[in-house]
Amino acid sequence: MTDSIVHPGLVLIVGALVLPWLRGHLRTAAVLLLPLLVLLLVWQMPDAAWHVRFLDYTLTPVQADKLSRLFATIFALMAAGGGLFALGQKNRLELPAAFVYAGSAIGVALAGDLVTLFVFWELMAVGSTLVLWSNGSRDSYRASLRYLMIHLLGGMILFAGITGHIAQTGSVEFTRIVLDSPAQWLILIGFLVNAAAPPLSAWLPDAYPEASWSGTVFLSAFTTKAAVYVLLRGFPGTELLIWVGLIMVFYGIVYALLENDMRRILAYSIVNQVGFMVAGIGIGTEMALNGAAAHAFTHIIYKALLLMSAGSVLYMTNRRKCSELGGLFHSMPVATICGIIGALAISSFPLTSGFVSKSMISQAAADSHLLTVWLLLAAASAGVFLHAGIKFPWFVFFQKDSGLRPADPPASMRWAMIIFAFLCIAIGIWPGLLYSLLPYAVAYVPYTWAHVITQLQLLLFSGLAFFVLLPYLKRTLTITLDTDWLWRKVLPAVATPSTRLVGAGQALIKRGGQRASSSALTLMDSHYGVDSRFARTWSIRGMALWVLVLLLGYLLLYFM
Amino acid sequence: MDKRHWLDDPRHVKLLWRMFLGVLVLIVAIGALLPLHPYFEIESVFGFYAWFGFIACAVMIAVAKGLALLLKRPDTYYRERDD
């Protein structure tokens with residue numbers, strides 16, 4: 001136990017709260033330096049835990065090991081890159097909200113107990129909702145409410161699970177969790193909601209594309225990858241996760257293929273990529289877990305890069321539909337090239353970061369002799385190139401010429417893209433850097449001739465398939481119904497008549513009540529009102545007579 | 001401003017296509033010559049990764065088109081009720 005530990009996540013959160021009051025150069029400096037300071041703090045943390053007593057429990061708000069440091073590192077790095085990209089954001093709420101969001105993601109990665117984990121988990125939901133909200137449009141406001149609803153539901157399920165787990169085991173420690181009662185299942189479900197696992201996966205492609213040009217970049221990074229982290233620590237080797245992951249992988253591809261909104265394509269592709277990680281966690285060997293962790297790290301960088309490229313297009317053209325874009329390579333060389341580098345990385349081309357991370361998951365499937373899983377992962381890898389690797393750059397920057405000639409975005413946005421593009425390639429060329437950060441020792445060599453050649457075959461022939469089948473991929477002004485249909489159409493359709501029914505019932509009761517009370521009032525009035533029998537003024541003679549009668553009656557009764 | 005880009009010329013696009021097809025043939029040929037250390041039997045089938053990648057993509061597009069028949073809606077679908 002050390003007293004000198006400064007919680008890096010809290011530093012970012014407190015910094016975020018100061019941010020709205022800064023202006024000009026001071027704000028720029030704070031936005032750029034704060035995440036770097038946090039990164040430094042993450043790296044200075046010893047492999048130790050920090051305990052505090054709270055109620056009857058020993059909490060561990062900070063616990064650092066290789067796995068948590070890996071995720072805290074990438075979250076801080078993402079806050080830095082995203083902050084640079086969002087420097088020109090006019091909205092004063094978005095960046096502070098994004099930093100609170102990033103800081104709480106770091107808090108999740110460093111949490112050593114379930115109570116701390118839950119607190120940061122919910123803070124993430126608040127931060128991300130505010131990022132969405134700050135876009136200010138009607139659509140994003142509505143989307144943020146739907147988003148919050150799903151995450152509060154997930155949070156409630158998680159809370160129920162954590163409470164049950166603590167009641168059963170008496171321990172708040174967050175370590176590997178065995179699925180032996182409903183409480184642990186609830187924890188798993190709570191985690192999976194944030195990982196965008198089916199059937200609630202639709203919250204992600206519904207909400208993320210509604211954020212601002214810079215907001216989506218932040219959103220893409222933290223929630224799902226924090227979920228990957230907690231699954232890695234809590235449920236490694238849970239076989240169910242292999243199948244959950246594979247469903248996510250193909251769901252993402254199929255929906256992305258049908259999508260027209262450029263950022264929604266990339267949002268579906270987040271589900272697809274997280275599917276690879278979840279499947280890796282399900283396989284559960286050291287190689288697979290290393291692969292899942294490494295893939296989360298590289299994914300955050302290239303997905304942010306892709307969304308920065310899309311965000312630049314949105315910023316410069318104010319258009320988001322593929323059917324309205326095209327031919328932008330003429331005037332946006334930086335956004336085009338950086339977008340292509342991100343696309344190559346997500347497709348795991350040799351010499352990019354995806355190649356050295358995703359292949360570990362496939363390799364783990366092969367080592368475990370899981371032929372079906374391995375074949376499905378290979379098919380999915382081909383599909384990634386199809387739905388994101390080519391589709392995104394092709395429809396946005398090439399295809400037919402839309403006639404638009406926007407310039408590249410401002411310098412801060414360009415530099416954010418260039419730095420992240422550099423990271424994608426640097427990790428691809430020097431994978432040792434990333435491998436040294438992984439939780440287990442790595443005995444994997446990504447660059448063998450066999451691997452490079454087979455991967456190129458797979459990808460290039462997927463490319464061929466794309467161009468041969470291009471007529472079937474023409475963009476139309478359509479969306480594809482997803483499970484959010486249930487809470488956007490079915491539930492309101494059921495709820496509206498039932499609220500009407502309840503309303504009618506209420507009105508009936510109210511009217512009945514009013515009638516009853518008014519007739520009671522009339523009755524009272526007739527007896528006790530101004531001119532009623534009881535309120536009438538009586539003559540003194542009459543009164544004296546009645547008193548006499550009463551007293552006589554009393555006397556008689558007394559002696560009888 | 002309206003300078004034509006190298007890529008705007010259909011002849012150059014055709015050239016790129018030829019180069020791409022050349023690379024495809026080359027990469028399958030190299031794959032056939034190199035020892036690939038297969039983990040599964042199916043990997044030893046000629047050009048496995050090439051045809052598997054192509055067919056996998058074709059199947060995924062077919063599935064997507066099938067799903068679209070059922071689930072495709074105009075992109076104003078959710079807006080109609082709101083406004």
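Chain letters run A, B, ... following the sequence lines, proteins first, then strands; residues in each count from 1.
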Value rounded to 0.5 Å, distance of [atom1] in [X] from [atom2] in [Y]:
X	Y	atom1	atom2	result
Y49(B)	S462(A)	OH	OG	12.5 Å
I453(A)	L26(B)	CD1	CG	8.0 Å
L34(B)	W449(A)	CG	CH2	7.5 Å
L464(A)	W17(B)	CG	CH2	6.0 Å
L371(A)	F40(B)	CG	CZ	5.0 Å
D139(A)	Y78(B)	CG	OH	13.0 Å

Region of [X] in contact with chain B, defined by heavy-atom distances below 4.5 Å:
X	answer
L376(A)	neither
F398(A)	side chain
W374(A)	side chain
L258(A)	side chain
L473(A)	side chain
F385(A)	neither
L257(A)	side chain
T476(A)	side chain
I253(A)	side chain
D484(A)	both
A256(A)	neither

Closest-packed option against chain B by number of heavy-atom pairs under 4.5 Å, given [options]:
options	answer
A379(A), G327(A), S381(A)	A379(A)
A380(A), A465(A), A382(A)	A465(A)
L386(A), D482(A), L477(A)	L477(A)

Under 4.5 Å from a heavy atom of chain A, the part of I55(B) involved =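 Neither part; nothing is under 4.5 Å.
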
With only heavy atoms counted, which part of V59(B) is less than 4.5 Å from chain A, the side chain, the backbone, both or neither?
->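 V59(B) has no heavy atom closer than 4.5 Å to chain A.
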
Within the distance-only criterion (no hydrogens, no angle test), does the side chain of Q457(A) pair as donor or acceptor with the backbone N or O of I27(B) below 3.5 angstrom?
->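 Yes, the answer is positive, given that a donor and an acceptor are paired below the 3.5 Å cut-off.
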
State whether the side chain of K72(B) and the backbone N or O of I479(A) hold a donor-acceptor pair below 3.5 Å, judged by distance alone.
->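 No: the side chain of K72(B) does not pair with the backbone of I479(A).
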
Do you know the tightest heavy-atom contact between G463(A) and F20(B)?
->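 So the minimum-distance heavy-atom pair works out to C-CZ, 4.2 Å.
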
How close do V254(A) and A64(B) get, heavy atom to heavy atom, and via which atoms?
->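 Heavy atoms of V254(A) and A64(B) come nearest at CG1-CA, 3.8 Å.
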
Closest-packed option against chain A by number of heavy-atom pairs under 4.5 Å, given G53(B), A58(B), G47(B), A50(B) =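 Maximum pair count with chain A is reached by A50(B).
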
Would you call T478(A) and R73(B) a side-chain contact if the rule is heavy atoms closer than 4.5 Å?
->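 A side-chain contact is absent here, since even the closest heavy-atom pair is not under 4.5 Å.
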
Between F461(A) and W51(B), is the gap from one ring center to the other below 6.0 Å?
->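 Here the rings of W51(B) and F461(A) have centres that are no less than 6.0 Å from each other.
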
Consider only side-chain N and O atoms of Q363(A) and Y39(B), and report whether a donor and an acceptor are under 3.5 Å apart.
->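 Note: Q363(A) and Y39(B) side chains meet the donor-acceptor criterion.
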
Residues in ring pair (Phe, Tyr, Trp, His ring centres under 6.0 Å) contact with Y141(A), at least two apart in sequence or another chain =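 By the ring pair (Phe, Tyr, Trp, His ring centres under 6.0 Å) rule, Y141(A) matches W133(A).
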
Return the set of residues passing ring pair (Phe, Tyr, Trp, His ring centres under 6.0 Å) with Y255(A) (not counting sequence neighbours), or none when no residue passes.
->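 Ring pair (Phe, Tyr, Trp, His ring centres under 6.0 Å) list for Y255(A), sorted by chain: Y251(A), Y268(A).
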
Going through the checks in order, is the side-chain contact (heavy atoms from CB on, under 4.5 Å) test met by F466(A) and F54(B)?
-> CA-CA 9 Å; F466(A) 178 85; F54(B) 188 90; over 6 Å; no

Please report the C-alpha distance between H330(A) and L7(B) in whole Å, then the side-chain angles of each, then the deciding distance to 0.1 Å, and finally whether the side-chain contact (heavy atoms from CB on, under 4.5 Å) criterion is met.
-> CA-CA 9 Å; H330(A) 287 102; L7(B) 270 176; over 6 Å; no

Is the number of heavy atoms from other residues, nucleotides or ligands within 6.0 Å of CH2 (W485(A)) greater than 12?
->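 No, because the 6.0 Å sphere around CH2 of W485(A) holds 12 heavy atoms or fewer from other groups.
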
K14(B) atom NZ, over 12 foreign heavy atoms within 6.0 Å =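 No.
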
Would F48(B) and T454(A) count as a side-chain contact (heavy atoms from CB on, under 4.5 Å) if you check the C-alpha gap in whole Å, the side-chain angles of each, and the deciding distance to 0.1 Å?
-> CA-CA 9 Å; F48(B) 167 72; T454(A) 52; over 6 Å; no

Give the intermediate values and the outcome of side-chain contact (heavy atoms from CB on, under 4.5 Å) for residues V63(B) and F250(A).
-> CA-CA 10 Å; V63(B) 170; F250(A) 287 103; over 6 Å; no

